[in-house]
Number of protein chains: 2
Amino acid sequence: MPVQLNDCPVEIVLSMLSGRWKIPIYRFLYKNNKPIRYSELQRHLPSISKKILTEQLRELEHDGIIERKSYPESRPRVEYRLSLSGRSMIVFLDKISDWGERYILSEKRGMQQN
Amino acid sequence: MPVQLNDCPVEIVLSMLSGRWKIPIYRFLYKNNKPIRYSELQRHLPSISKKILTEQLRELEHDGIIERKSYPESRPRVEYRLSLSGRSMIVFLDKISDWGERYILSEKRGMQQN
DNA sequence: CAGGATCCGTTTAGATACTG
DNA sequence: CAGTATCTAAACGGATCCTG
């Protein structure tokens with residue numbers, strides 16, 4: 001039997017963001033703030049394979065962070081964008097970023113208290 | 001060649017917290033707010049093996065989140081506690097927790113806008 | 001007591017080829 | 001265009017036994 005993820009909200013949220021490409025995908029969708037095509041994501045993340053891109057998008061969609069809309073035209077088109085709740089993650093992502101910048105600076109200075 | 005982790009601070013910080021037991025360990029050290037022995041951690045995390053516990057502690061120590069102090073007495077004793085910078089992670093961990101609680105509530109209500 | 005060493009199954013990422 | 005399917009390799013977590 002697998003060890004179940006406990007019910008700590010932090011662990012649940014972190015697990016939703018764990019995946020090699022989820023933050024890069026998030027950042028790209030956040031910055032552009034409009035529906036983005038599958039092929040645009042692929043072009044923007046040069047070293048990702050289709051299998052992985054699709055996998056990460058499916059997981060983000062399953063967790064309600066992004067929304068997917070398919071336009072089955074002669075040239076099939078699929079667009080992704082952040083959901084409202086996904087977009088609201090920025091409140092803590094910004095805090096993480098701030099902490100990270102400080103941490104990285106401290107490291108470079110040799111961790112002198114600051 | 002491994003794909004390098006890019007220089008996004010969010011990715012760096014999240015990678016420091018990725019590991020099955022890092023948040024549970026963090027929470028225990030944070031809550032107690034004093035040096036905690038290896039065996040206490042082990043008792044508090046019943047389903048963790050020594051190998052994994054040691055691994056996760058080493059990584060947290062390497063990333064400057066916790067500090068390790070060894071007392072080589074007749075009965076060897078090792079204590080762990082959060083570093084100052086580790087303890088300061090609480091500012092974003094609390095935000096993640098808040099977001100998670102809201103997200104979980106929304107999920108239970110069926111994602112009605114809120 | 002607090003590990004280290006070894007082995008092993010699962011998960012994750014990636015390369016490549018094929019398809020509606 | 002936007003995926004599947006298949007295969008391989010590396011990372012991760014865990015069980016078990018050994019040790020200063």
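To find a chain, count down the sequence lines: A is the first, B the second, and so on, and within it residues start at 1.
Here C:dA13 is the nucleotide among C:dT16, C:dA2, C:dA13 with the atom lying nearest to any side-chain atom of A:R20. Counting only heavy atoms from C-beta on, B:R37 has its side chain closest to C:dC1 among D:dA2, C:dT16, C:dC1. The side chain of A:P76 lies closest to C:dG20, out of C:dG20, D:dG13, D:dA5. Checking D:dT6, D:dG14, C:dA2 against every side-chain atom of A:K51, the shortest atom distance belongs to D:dT6. With C:dC1, C:dG3, D:dG3 as the candidates, the nucleotide lying closest to the side chain of A:Y80 is D:dG3.
Contacts of B:Q56 with the nucleic acid, taken as non-hydrogen atoms under 4.0 Å apart, involve only primed sugar atoms and P, OP1 or OP2. Among the heavy atoms of the strands, none lies under 4.0 Å from A:Y71. Among the heavy atoms of the strands, none lies under 4.0 Å from B:E73. Looking at heavy-atom distances under 4.0 Å, B:R77 makes contact with sugar-phosphate atoms alone, never a base.
One atom, CZ of A:R75, and another, C1' of D:dA2, lie 12 Å apart when rounded to the nearest Å. Rounded to whole Å, atom C1' of C:dT6 lies 16 Å from atom NZ of B:K50. Per the geometry, CD1 belonging to A:I48 stands 16 Å off P belonging to C:dT16, to the nearest Å. For the pair A:Q42 CD and C:dG14 P, the computed distance is 14 Å after rounding to whole Å. Here C:dA2 presents its C1' atom at 12 Å from CG of B:L41, a figure rounded to the nearest Å. As rounded to whole Å, 13 Å separates atom P of D:dG13 from atom CG of B:L53. One atom, CG of B:L45, and another, P of D:dG14, lie 11 Å apart when rounded to the nearest Å. To the nearest angstrom, C1' of D:dA10 lies 12 Å from CD1 of A:I52.
Geometric assessment of B:K31 against the ring of B:F28 yields a negative cation-pi assignment under the 6.0 Å and 45° thresholds. Relative to the ring axis of B:Y26, B:K22 does not place its NZ or CZ within 45° and under 6.0 Å from the centre. Annotation: cation-pi pair B:R37/B:Y80 absent, no NZ/CZ under 6.0 Å from the ring centroid and within 45° of its normal.
A:W21 has a side-chain polar atom (N or O) that falls below the 4.0 Å cut-off from OP1 or OP2 of C:dG14. Within the 4.0 Å cut-off from OP1 or OP2 of C:dA2, not a single side-chain nitrogen or oxygen of B:R43 is found. An OP1 or OP2 oxygen of D:dT4 is reached within less than 4.0 angstrom by a side-chain nitrogen or oxygen of A:R58. In this structure, A:S39 does not reach the D:dC1 phosphate: none of its side-chain N or O atoms is under 4.0 Å from OP1 or OP2.
B:Y103 places a side-chain N or O within 3.5 Å of a backbone atom of A:D63 that can act as its donor or acceptor partner.
For B:R87, the CZ atom sits in a packed shell: over 12 heavy atoms of surrounding residues, nucleotides or ligands are nearer than 6.0 Å.
The pair A:E11-B:R27 fails the salt-bridge criterion, with no side-chain N (NZ, NE, NH1 or NH2) lying under 4.0 Å from an Asp/Glu carboxylate O.
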